[in-house]
Structure formats: C-alpha cells, structure tokens
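Here the structure is a predicted model, which means the values were calculated and not measured. Below, all heavy atoms of this structure are taken into account, side chains as well, without hydrogens, waters or symmetry copies.
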Amino acid sequence: MIQSALFNFHSFVTVVLLLICTCTYLKMHFPSLLIRRTGFRGFFWKAARIGERLSPWVAIGCSVMGISILFW
C-alpha cells in the first residue's frame, strides 16, 4: 500500500530535507530566484535560509536519512 509523505513520518522528514537542500542549492547558484521574502517564493527563501544557517545539521540529517533509506 502506498502512503503519502504526510502520513508517514520517515517520508515527511525525507521530503523536508530534500526541499531544504534543493532550495539552498538553487539560492547559491541562482540567487535571483529566491530574492522575495514574502508570498509563495518566501516559503522557499525560508527553506534556503535554514539550509544556509544550519548546514552542518542538515548535512547530518541527510546522511542519517540516506543510511536509513539504504538499510531499512
């Protein structure tokens, strides 16, 4: 049975980590995409900001999530 990411905590954390990493990557390479801090783009700007400020913790989270996906 297929579950959505909202009902499965493991999938939800994976989606959030991927969103943070993707937004941070896009902001580093294409800063003009995420200049606005309000509205729809503001959500992605905030995710990129989390990735910039908490990068060691996000990297640890991504590593742990990758290992857990491979072995569970």
Assigning hydrophobic clusters by single linkage (Ile, Leu, Val, Met, Phe, Trp, Tyr; side-chain heavy-atom cutoff under 4.5 Å), is [X] placed with [Y]?
X: Met28; Y: Leu54; answer: no
X: Ile50; Y: Met65; answer: yes
X: Val13; Y: Trp57; answer: yes
X: Phe30; Y: Leu34; answer: yes
X: Val16; Y: Phe9; answer: yes

*Under a 4.5 Å cut-off applied to non-hydrogen side-chain atoms, are Leu19 and Phe44 in contact?*
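SC-SC contact between Leu19 and Phe44 confirmed.
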*Given side chains that start at C-beta, do those of Lys46 and Arg37 come closer than 4.5 Å, heavy atoms only?*
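No, their side chains stay 4.5 Å or more apart.
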[X] and [Y]: which non-hydrogen atoms are nearest, and at how many Å?
X: Ser32; Y: Arg41; value: O-NH1, 4.4 Å
X: Ile20; Y: Thr24; value: O-OG1, 2.8 Å
X: Trp45; Y: Lys27; value: NE1-NZ, 3.3 Å
X: Cys21; Y: Val58; value: SG-CG1, 3.7 Å

*Rounded to the nearest 0.5 Å, how far apart are OG of Ser55 and CD1 of Ile60?*
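Reported to 0.5 Å precision, the distance equals 10.0 Å.
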